[in-house]
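Here the structure is laid out as structure tokens; the discussion comes afterwards.
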Amino acid sequence: MGKRFYIVTFGCQMNVNDSDWLSRALLARDWREASGEDDADLVVLNTCSVREKPEQKVHSALGRLGTLFRDRPEAFAAVGGCVAQQLGPELLRRYPFVRLVFGTDGIAETPNALEQVAREPHLQLQLLDFLKAYPEREDAWDGPAAEHEDSPGPAQCFVNIMQGCDNFCAYCIVPYTRGRQKSRHPEAVLRECRRQIARGVRDITLLGQNVNSYGQDPGGAGMGFAELLHAVAALPGLERLRFTTSHPKDIAPEVVRAFGELPNLCPHLHLPLQSGSDAVLRRMGRKYDTARYLGIVRDLQEARPDIVLGTDIIVGFPGETDEDFEQTLEMMRTVRFESSFSFKYSDRPGVAAVNMKPKVGSDVAGQRLARLQELQNEITSEALKSRVGALETVLFDGPSKVQSPGAVHWRGRDAAGRVVNVPFASSQIPSDLAGKMMPVRIMEAKKHSLIGEKAGEPW
Ligand code: 5AD
Ligand code: SF4
């Protein structure tokens, strides 16, 4: 019987995607998935250090594992991702039950390294070297499928198109933990997309730290991002295509135009603004100002009038004044992002902003964050209300988390990515809708989701 593993994932979609792959690669090697840390022979922590909070979570998880493994000397842990890249050798010293540390460039070698440390009880290994080219991974679809709890529905998947980042925004640790930008060869991207479509995937998200600069390193074999988008969109059977994350300074006019040209490119874009103050954007090293950002928004809306925008905002960047912050709120009101992720600035080791002054106090940053999130909630709620009456196509993930007596609720997403729940009376419960698409009339808006009713047959 194979050994049992359990993977805990922190942080971004790239980590979720890496964990999904690792899980499949281990299943293909005869490992089994444990139901939790308690009955696992191996616990993998895939870590994030982009902000202080997720990094703290890794240390508390390691503390917890130390206690758990005290009576089970055969059990061991592996730590991957950004914290491993940053602190690898220190983690091996401090936590003897950690037997492997691997960075994002080391993940392709991780399944074999895990087998090796499982065989040799006193071995500790590190896979922390940065590579020059995108490390292609084995195709792990042949093993039994593993579903991570954050995995998308059965008809959705993420396809990596690059790793690393060259931008060095003043607050950001990513270029240090994920290394230089490395584009994946377009043929490898297309091969994986075709393979996924053949498995029943209908919705693909192309993933990278800054997808708009895809191909601006030798890995893209001369293909730029707009060309790659057109090539993926043309694959037969692909109903929905999206991409994340974008940097406003790199979004090319051809990519903006693609929203009007490619019917299966979904009307949704996550476009991190970070701040609405030109002075702060300059200090952040973002290389665009608010006028340029608004110009991109205008062009996107021209190309695709129903486009829905989401963003990331940092409050309390060093030197941010009340006035700078008011400008951020003003940009939120102007662009009317339908969703946003917002964070209090936190110092990260080695980034340029560590030396920038004055620091904004945590209380002030906290108040700003609360005001920003309140404004976002108002905008989100108005945007969702305006959908009532609309006819949308919903791609179902699975049954809704919340059910009610006398009905079965299914959960899916419309083309723009909004969550839509559809209740079916017990007299008309459909057979499995997971992975099916269906026309739905929107009847009601909740705080963060919509409720609709069946308006046509599923396919
Ligand atoms: N402090 C706070 N937020 C940060 N982000 C990145 N670095 C920091 C930091 N040091 C945010 C940015 C980025 C998102 C992934 O995390 O908004 O877009
Ligand atoms: Fe970090 Fe800036 Fe690169 Fe995004 S673009 S990963 S914020 S350095």
Side-chain angles (χ1 to χ4, degrees), residues 9-17 47-57 81-83 85-86 103-104 130 160-183 207-214 216-217 225 243-251 269-277 280-288 293 296 309-320 324-325 328 331-332 337 339-356 359-362 364-366 368-369 372-373 376:
T9 308
F10 302 91
C12 64
Q13 202 51 62
M14 310 268 257
N15 275 9
V16 174
N17 199 41
T47 66
C48 170
S49 61
V50 75
R51 289 174 300 277
E52 209 171 354
K53 254 197 201 158
E55 185 173 334
Q56 283 163 358
K57 285 194 200 161
C82 291
V83 178
Q85 190 72 55
Q86 242 180 303
T104 41
F130 284 123
N160 236 311
I161 67 165
M162 66 199 308
Q163 265 179 211
C165 179
D166 289 350
N167 285 316
F168 292 93
C169 299
Y171 49 81
C172 190
I173 199 167
V174 166
Y176 305 92
T177 56
R178 293 189 174 248
R180 296 288 66 70
Q181 171 176 316
K182 295 163 278 271
S183 297
L207 261 192
Q209 222 72 49
N210 179 14
V211 293
N212 290 285
S213 55
Y214 175 84
Q216 287 169 27
D217 57 289
F225 184 57
F243 56 87
T244 198
T245 285
S246 294
H247 192 310
K249 82 174 166 58
D250 292 316
I251 189 160
L269 182 65
H270 186 71
L271 194 62
L273 169 66
Q274 310 297 3
S275 167
S277 152
V280 173
L281 286 174
R282 203 173 317 118
R283 285 204 304 280
M284 285 177 164
R286 291 290 286 175
K287 303 190 176 77
Y288 56 84
Y293 190 96
I296 299 167
L309 298 172
T311 202
D312 289 348
I313 302 282
I314 296 175
V315 299
F317 186 76
E320 184 188 70
D324 291 321
F325 175 64
T328 297
M331 275 296 273
M332 306 284 290
F337 298 105
S339 63
S340 60
F341 297 106
S342 44
F343 314 99
K344 271 205 256 187
Y345 168 80
S346 58
D347 265 347
R348 305 281 61 218
V351 308
V354 165
N355 300 316
M356 294 184 184
K359 299 288 187 219
V360 175
S362 177
V364 172
R368 289 179 186 165
L369 189 67
L372 184 108
Q373 292 178 344
Q376 181 63 66

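Note that ligands are numbered from 1 as they come in the structure, with each ligand's atoms numbered from 1 the same way. Computed over heavy atoms, backbone and side chain alike; hydrogens, waters and symmetry mates excluded.
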Sub-4.5 Å side-chain heavy-atom contact between [X] and [Y]:
X: Pro175; Y: Gln209; value: no
X: Ser275; Y: Ile314; value: no
X: Ser362; Y: Lys344; value: yes
X: His247; Y: Cys165; value: no
X: Ser49; Y: Gln85; value: no
X: Leu269; Y: Phe243; value: yes

| Between Glu55 and Arg348, does at least one N-O distance fall below 4.0 Å, as a salt bridge requires? |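 Yes.
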| query | Do you see a donor-acceptor pair shorter than 3.5 Å between the side chains of Glu320 and Ser277? | reply |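 Judged by distance alone, the side chains do not pair up.
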| With a 3.5 Å cut-off and no angle check, do the side chains of Lys53 and Ser346 form a donor-acceptor pair? |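 Checked: Lys53/Ser346 side chains show no N/O donor-acceptor pair below 3.5 Å.
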| With Gln181, which of Asp217, Asp166, Asn167 fulfils side chain to side chain donor-acceptor pair (under 3.5 Å)? |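 Between Gln181 and the candidates, side chain to side chain donor-acceptor pair (under 3.5 Å) is satisfied uniquely by Asp217.
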| message | For ligand 1, give me the residues whose heavy-atom distance to it is below 4.0 Å, by chain and number please. | response |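 The answer is Val50, Arg51, Tyr171, Gln274, Asp312, Ile314, Phe343, Lys344, Tyr345, Ser346, Arg348, counting any residue whose heavy atom sits under 4.0 Å from ligand 1.
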| Hey, is Lys287 touching ligand 2 through its side chain, its backbone, both or neither, going by heavy atoms under 4.0 Å? |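 Neither; nothing of Lys287 gets under 4.0 Å from ligand 2.
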| said: As an exercise, identify every atom of ligand 2 less than 4.0 angstrom from a heavy atom of Tyr171. | reply: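 What qualifies from ligand 2 is 7 (S).
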| message | Which of the numbered atoms in ligand 2 are under 4.0 angstrom from any heavy atom belonging to Arg286? | response |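 Those of ligand 2 that fall under 4.0 Å from Arg286 are 2 (Fe), 7 (S).
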| Taking atom NZ of Lys359 as the centre, does the number of heavy atoms from other residues, nucleotides or ligands within less than 6.0 Å exceed 12? |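 Check passes, neighbour count above 12.
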| message | Tell me whether atom 4 (Fe) of ligand 2 lies less than 4.0 Å from at least one protein heavy-atom position. | response |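 Neighbour list for atom 4 (Fe) of ligand 2 is empty of protein heavy atoms (cut-off 4.0 Å).
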| request: Could you walk me through whether Tyr171 and Arg283 pass the side-chain hydrogen bond (donor to acceptor under 3.5 Å, both in side chains) test, one step at a time? | output: CA-CA 10 Å; Tyr171 49 81; Arg283 285 204 304 280; over 6 Å; no
| query | What protein N/O/S atoms sit under 2.8 Å from atom 3 (Fe) of ligand 2, by chain and number? | reply |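 Sorted hits: Cys165 SG.
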| message | If the contact criterion is a heavy-atom separation under 4.0 Å, does Arg178 count as touching ligand 2? | response |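 No.
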